[in-house]
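This report refers to the structure that appears directly beneath it.
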Amino acid sequence: MKRVYNFSAGPSMLPLPVLEKAQAELTSYGDTGMSVMEMSHRTPEYEAIIIGAEKSLRELMSIPDNYRVLFLQGGASSVFSSVCYNLLTGSGKADYIVSGQFSKKAYKEAQKYGDIRLAASSEDKNNTYVPQITADDVRPDADYVHICFNNTIYGTKYNYIPDTGDVPLVADMSSCILSEPVDVSRFGVIYAGAQKNVAPAGLTIVIVRDDLLGRCRPDTPVMYDWKLMADNGSMYNTPPCWPIYIAGMVFDWLLENGGLESMKEKNLKKAGLLYDYLDSQDYYIAPVEKPYRSMMNVTFVTGNPDLDKKFAKESTESGLRNLKGHRSVGGMRASIYNAMPVEGVEKLIAFMKDFAERNPK
Ligand SMILES: *Cc1c(COP(=O)(O)O)cnc(C)c1O
C-alpha cells in the first residue's frame, strides 16, 4: 500500500488506524450485514454511533454540561450565516475581528443581517499577526463577538482567548479544533468544518452554550435553527451519517492516544521542528510574526515565485503532497494536523534542505 505525506489544508490526512477500521467495517458494520453508508439513521445501531461520537467529543474537549453539541451539514461557511440567524436577535449588533480570509467572509456575510462592526483587523500587515483586543474594543451591547481562532490560509493563530466581558465569544475553530486542549467555557459558540482535523467533508460541528439557544429570528431556515437541531439530537433530518461515524472513530483514536494534552505535545514538536529549521536559515522566509505562528498551518516562501512553483512540483514528486500555498497568497503551506506523523515533518525538512542546496538564489 502506498501512502504519501499529505500536507493538504483540507480535506486532509486522517489517522491510518481509523481508515483501516472503516475499511474493515465498510461492507458490514458489526453484525448488521450493511455498511454505515447504507444504514438508516433511525436504527439503534446508528443511534449508538451518533450518541457515542458526541460522548467521546465531550470527554475529549471536557465540554461542560451546559453546552450542546450539534452535528450539522453545510460546512463552516454555513455557520457564517446561521450564527446571525441564531444570535443576532438582541441588539442586532455584532463585532467581528478580521484576521484572514475566512473571518473576512464571515464578517461580510453577517452584514446582511444586522449592525456589524469591524472591531479589529490584521489586514494592514497582510494578516501576518492576530489583533490583540480587550473588552474595551467590543460594544458591550453586542449580541456576540466573532473570531477565527486559527487562520488556515495565512498560518496564524490566536495566542490568547479574547476577553469580551459579558458578550459571548463565537470562534471558528475549523483548522485547530482538537489540536490542543481549549477552555470551552470561555466561548459562547465554537464551530468547525470537520474536514481539517476531524473527519471527511460534510460534517460541521457546532458547540453552543445552551442559554444562547431558542432566540433565533422568526424567518430562520429550519436547517439553521440550532435549538431545533439540539432538541432533535442533530437528527431533525438525515444527519451526515458517514462523516459522523468517522469522526467518532477519530475521537476514540485521540482518547486512546492520550487525549488533547498529548496531541498538543506532539503538535508542538512537529511545528517546533519546522519553525526551528525556518529560523535557522535564510533561504526560506516565514512571514508570520513569531507570537502568532500557527501550530497547524505553517507558511513560508522562497521570495521567488518561480522557485516556489518548482518547490511545489518537486515536493509532490517526492511524495510530499499539497504543499502549495493557498491560491490567494502563493508560496508554500504545510498543514500538519493531528494525523500527520513526525516523520512527515522530518521528511519535509530534509526535502527543504536539499531543495535549497540544489537551487541557489
Ligand atoms: C476551511 C475553513 C472554512 C471553510 O470551511 P467549509 O467547511 O469549506 O465551509 C472556514 N473557516 C476556516 C478557519 C477554515 O479553515
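Order of listing sets the numbers, starting from 1, for every ligand and every atom in it.
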**Asked** Can Y107 and F80 be said to form a ring pair (Phe, Tyr, Trp, His ring centres under 6.0 Å), step by step?
**Response** CA-CA 8 Å; Y107 167 61; F80 299 169; over 10 Å; no

**Asked** Is there a side-chain contact between L203 and Q73, using heavy atoms and a 4.5 Å cut-off?
**Response** no

**Prompt:** Can you say whether the rings of Y144 and Y96 are parallel (under 30°), tilted (30 to 60°) or perpendicular (over 60°)?
**Reply:** perpendicular

Would you list the atom pairs, donor with acceptor, under 3.5 Å between side chains in residues 188-197 and any protein atom, with sequence neighbours excluded?
unit_1 : atom_1 : unit_2 : atom_2 : d
Y191   : OH     : H146   : NE2    : 2.7
N197   : OD1    : N338   : N      : 3.0
N197   : ND2    : I177   : O      : 2.9

**Message:** Give the residues near ligand 1 by chain and number, with the criterion being a heavy-atom distance under 4.0 Å.
**Reply:** G75, A76, S77, F80, F102, C148, N150, T152, D172, S174, S175, Q195, K196

**Asked** Which heavy-atom pair separates D143 from G92 by the least distance, and what is that distance?
**Response** OD2-N, 2.9 Å

**Request:** Determine the interplanar angle of the Y85 and Y224 rings, folded into 0 to 90°, and report it as parallel if under 30°, tilted if 30 to 60°, perpendicular if over 60°.
**Result:** tilted

